[in-house]
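To keep things clear, I will list the structure first and then write my remarks on it.
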There are 2 protein chains.
Amino acid sequence: MPTTANTIMSVAIELFYKKGYFATSLSDIARLCGIKKASLYYHYPKKEDLLKAILVNAMQAVARVLDEALAGNAAIDVKLARAIAAHVDFHIKHQKEVLISDSELRGLSPDNRETIIAMRKAYEARIQALIAEGVEAKVFARTNVKVASYAILTLCSAVANWYRTNGPLTGIEIIRVYQDLILNGLREGKGLRFS
Amino acid sequence: MPTTANTIMSVAIELFYKKGYFATSLSDIARLCGIKKASLYYHYPKKEDLLKAILVNAMQAVARVLDEALAGNAAIDVKLARAIAAHVDFHIKHQKEVLISDSELRGLSPDNRETIIAMRKAYEARIQALIAEGVEAKVFARTNVKVASYAILTLCSAVANWYRTNGPLTGIEIIRVYQDLILNGLREGKGLRFS
DNA sequence: GTCTATATGCAGATAGAC
DNA sequence: GTCTATCTGCATATAGAC
């Protein structure tokens, strides 16, 4: 039995995803929750609080998933493969939250926006560290680590834009494809060699 | 000397890009144009007309760029390489319009939205035809053509999210990287093999 | 915790003078 | 073509009863 706050949150995710943050009114949300819009304010004092919670939760969740993927020892290319798997898996399992995160950041006040950007940078830094370690160990070709990380992360995030649950591919198949593509690309002379 | 209509259009692109379509008011646009908001209605009867024009122009322009890239004969992998170059080049030269196209489609009425989606599908179909031809000719490995096209197009479009004009890389360098990555990926056993 | 009623503001859009 | 003035509606948010 979900709490009212939880119901509101899932309805908000649904509508922000489908119509966008600004185009979604609190009346829309209230109607779908089966309550009056004034009641929303008891649970979330401002509309922006809903958006902020969605983005913070998503960032924390994906960071946790990365934690698990990187726990334990492994060769650096295996580690990166696991990170890719975790990232892609999260992005196909949480398409709505992730697409909201990508397109509604501007709905936040400067303070809240900075919070999210900082979380995002911390996440990127962990991927960059993996790439740098692989380059250091000469497992990957020399490359501009930051640029490579942007290319890889946008590539792996973009899957949220086209993946469909009833599509012809399972998540595992897609992960396999992206792992091959990126790891081949990072090895000597094969692709992701940003100078 | 730009016409007023043109000024309005560039201001709209600037603001829709920076703040988003819904968060941009016609007063904002008018102020930056140095006119009163009622004057906007002489040039564009509805706010949505501005958004529609941006999306239609962008789609027409990128389709034209693809025309040029595919004019003349060439081997199928060379053709695809040219298509990638054209697509990436367009996406780094028109970042704002392209990012608006990607995130503000919901600002359009159903009719207008359908128009854009149809243009988009036609564009995708041309890329799919290239991939299919390469598979047919056994230059590329067998793969799910539609899925491969989505992966490739989102990959090549995502560059608009991270490319910076004063960044460390030129457009040509990025194009080279993406061409290598994708063409290697499509050849036998190297990556973009969606079953 | 949820309700009814309402305050307040600004949005998109129009009318009509110049 | 641009202006001033205004219409109309809906948005977020609050007050206070139950």
Side-chain angles (χ1 to χ4, degrees), chain A residues 1-56 100 103-113 115-116, chain B residues 1-56 100 103-113 115-116:
Chain A
M1 183 74 177
T3 65
T4 305
N6 285 340
T7 304
I8 294 169
M9 183 55 69
S10 15
V11 168
I13 290 172
E14 203 60 44
L15 290 181
F16 292 171
Y17 165 70
K18 200 154 59 182
K19 310 177 38 165
Y21 174 69
F22 285 103
T24 299
S25 73
L26 293 176
S27 320
D28 291 336
I29 295 175
R31 197 177 328 110
L32 265 164
C33 291
I35 59 180
K36 298 297 169 184
K37 70 175 170 174
S39 309
L40 293 174
Y41 288 86
Y42 174 80
H43 302 280
Y44 299 92
K46 288 185 310 178
K47 185 187 180 187
E48 192 188 330
D49 294 341
L50 279 164
L51 182 60
K52 184 187 175 186
I54 293 168
L55 301 210
V56 169
I100 293 168
S103 59
E104 305 292 3
L105 192 62
R106 288 169 307 195
L108 295 177
S109 66
D111 267 19
N112 287 334
R113 189 159 50 232
T115 305
I116 302 294
Chain B
M1 184 71 179
T3 65
T4 305
N6 285 340
T7 304
I8 293 168
M9 183 54 69
S10 13
V11 167
I13 290 172
E14 202 61 43
L15 290 181
F16 292 171
Y17 166 71
K18 201 154 58 183
K19 310 177 38 165
Y21 174 69
F22 285 102
T24 300
S25 72
L26 293 176
S27 321
D28 290 337
I29 295 175
R31 198 177 327 111
L32 265 164
C33 291
I35 59 179
K36 298 297 169 184
K37 75 171 170 174
S39 310
L40 293 174
Y41 288 86
Y42 174 80
H43 302 279
Y44 299 92
K46 288 186 310 178
K47 185 187 180 188
E48 192 188 331
D49 294 341
L50 280 164
L51 182 60
K52 184 187 175 186
I54 293 169
L55 300 209
V56 169
I100 293 168
S103 59
E104 305 292 3
L105 192 62
R106 288 169 305 195
L108 295 178
S109 67
D111 266 19
N112 287 334
R113 188 158 51 233
T115 305
I116 302 293

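Note on naming: letters A, B, ... go to the chains in the order of the sequence lines (proteins, then strands), and numbering restarts at 1 for each one.
Annotation: salt bridge (Lys or Arg N to Asp or Glu O under 4.0 Å) contacts of B:K19 (sequence neighbours excluded): B:D28.
Between B:K37 and B:S27, the shortest heavy-atom contact is CD-OG, 3.8 Å.
With hydrogens and angles disregarded, a donor-acceptor distance shorter than 3.5 Å links the side chain of A:Y44 to the backbone of A:A5. Judged by distance alone, the side chain of B:K47 and the main-chain N or O of B:Y21 form a donor-acceptor pair under 3.5 Å.
Distance check: B:L50 CG to B:I29 CD1 gives 5.5 Å after rounding to the nearest 0.5 Å. The structure places CE of B:M1 at 11.0 Å from CG of B:N6, a figure rounded to the nearest 0.5 Å. Atoms CD and CZ, on B:E48 and B:R113 in that order, are 9.0 Å from each other to the nearest 0.5 Å.
Nucleotide C:dG1 holds its P atom 11 Å from the CD1 atom of A:I8, rounded to whole Å. Regarding B:Y44, its OH atom lies at a distance of 17 Å from the C1' atom of C:dG12, rounded to whole Å. Between the CD1 atom of B:I29 and the C1' atom of C:dA11 there is a distance of 12 Å, rounded to whole Å. Rounded to whole angstrom, the span from the OH atom of B:Y42 across to the P atom of C:dA15 amounts to 17 Å.
OP1 and OP2 of C:dG1 both lie 4.0 Å or more from every side-chain N or O belonging to A:S39. Neither OP1 nor OP2 of D:dG1 sits under 4.0 Å from any side-chain N or O of B:T4.
Using a 4.0 Å cut-off on heavy atoms, none of the residues of residues 104-113 of chain A approach DNA chain C.
Within the 4.5 Å cutoff, no side-chain heavy atoms of A:T115 are placed close to those of A:L108.
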With 3.5 Å as the limit, what N/O pairs link the protein to nucleotides 11-18 of chain D?
unit_1 : atom_1 : unit_2 : atom_2 : d
D:dT12 : OP1    : A:K47  : NZ     : 3.1
D:dT12 : OP2    : A:L26  : N      : 2.9
D:dT12 : O4     : A:K37  : NZ     : 3.4
D:dA13 : OP2    : A:K47  : N      : 3.0
D:dA13 : N7     : A:Y41  : OH     : 3.3

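Listed nucleotides D:dT4, C:dG1, D:dG1 differ in distance to B:K36; the shortest reach to its side chain belongs to D:dT4.
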